[in-house]
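Notes for the one structure printed next.
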Amino acid sequence: QAEALREELRDLKTVKELQERRRADQTRERHKALTAQIEELTATNAELRRRMQLREDREFEREADVSIESSVAPAWEEVVRAASQGDSGRPRSAPPSRPS
């Protein structure tokens, strides 16, 4: 009977070791999967930040263009008006075209 108990104890230790190994394997696999997911999310985040910066840069350029246009337009209109009057105050045949 003692031998049977020793055999059963050995079997229980083997089962426990197998369960521990299985748990460790599952933990490693989960860690690998989470690491891959983190890397993917990090890359996605970097791409989104890059796109957001490009969008902000384009918006800034548009606003700058509008600002320049609105500040230059009145002066340019005055130049066109003066040029169309000519030196003698008479209108010329064609005023200069506005720069683009």
Side-chain angles (χ1 to χ4, degrees):
Q1 188 178 3
E3 184 59 37
L5 287 174
R6 276 194 286 272
E7 184 67 31
E8 189 175 334
L9 183 59
R10 260 191 307 256
D11 289 347
L12 288 173
K13 285 182 179 177
T14 301
V15 167
K16 186 175 179 184
E17 288 172 0
L18 288 172
Q19 288 173 336
E20 287 173 358
R21 276 192 226 139
R22 187 178 309 129
R23 243 183 262 118
D25 289 345
Q26 289 171 342
T27 300
R28 273 191 295 280
E29 288 302 314
R30 182 77 179 132
H31 181 266
K32 283 193 327 191
L34 289 172
T35 299
Q37 190 176 12
I38 288 169
E39 289 171 355
E40 182 180 337
L41 290 171
T42 300
T44 300
N45 186 41
E47 175 63 16
L48 289 173
R49 286 181 183 273
R50 185 188 69 78
R51 289 181 187 181
M52 196 166 83
Q53 186 62 51
L54 286 173
R55 184 177 299 140
E56 288 174 3
D57 291 349
R58 283 193 302 265
E59 188 172 318
F60 177 80
E61 288 171 3
R62 265 194 304 276
E63 289 173 3
D65 288 347
V66 167
S67 176
I68 291 169
E69 176 71 23
S70 65
S71 66
V72 170
W76 184 250
E77 294 302 326
E78 184 59 36
V79 167
V80 170
R81 206 174 307 111
S84 69
Q85 295 299 313
D87 294 332
S88 63
R90 293 177 293 136
R92 281 192 183 163
S93 56
S97 62
R98 189 171 183 180
S100 48

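Residues take their numbers from the sequence shown, with the count starting at 1.
Under 4.0 Å is where a charged nitrogen must lie from a carboxylate oxygen, and between Arg58 and Glu61 no such pair does.
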Let me check something: any side-chain donor-acceptor pairs from residues 10-25 under 3.5 Å, sequence neighbours excluded? List them with distances.
residue, atom, partner, partner atom, Å
Arg10, NH2, Glu7, OE1, 2.8
Thr14, OG1, Arg10, O, 2.9
Asp25, OD1, Arg28, NH2, 2.3

Could you pull out every donor-acceptor pair under 3.5 Å between side chains of residues 31-42 and any protein atom, sequence neighbours left out?
residue, atom, partner, partner atom, Å
Lys32, NZ, Glu29, OE2, 3.4
Thr35, OG1, His31, O, 2.8
Thr42, OG1, Ile38, O, 2.7

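Side-chain contact between Leu9 and Leu5 is absent, with no heavy-atom pair separated by less than 4.5 Å.
Screening residues 46-55 for side-chain hydrogen bond (donor to acceptor under 3.5 Å, both in side chains) gives Glu47-Arg50, Glu47-Arg51, Gln53-Asp57 as the qualifying pairs, with residues at least two apart or on separate chains.
Judged purely by atom type and a 3.5 angstrom limit, Ser67 has no side-chain atom pairing as donor or acceptor with the backbone of Glu63.
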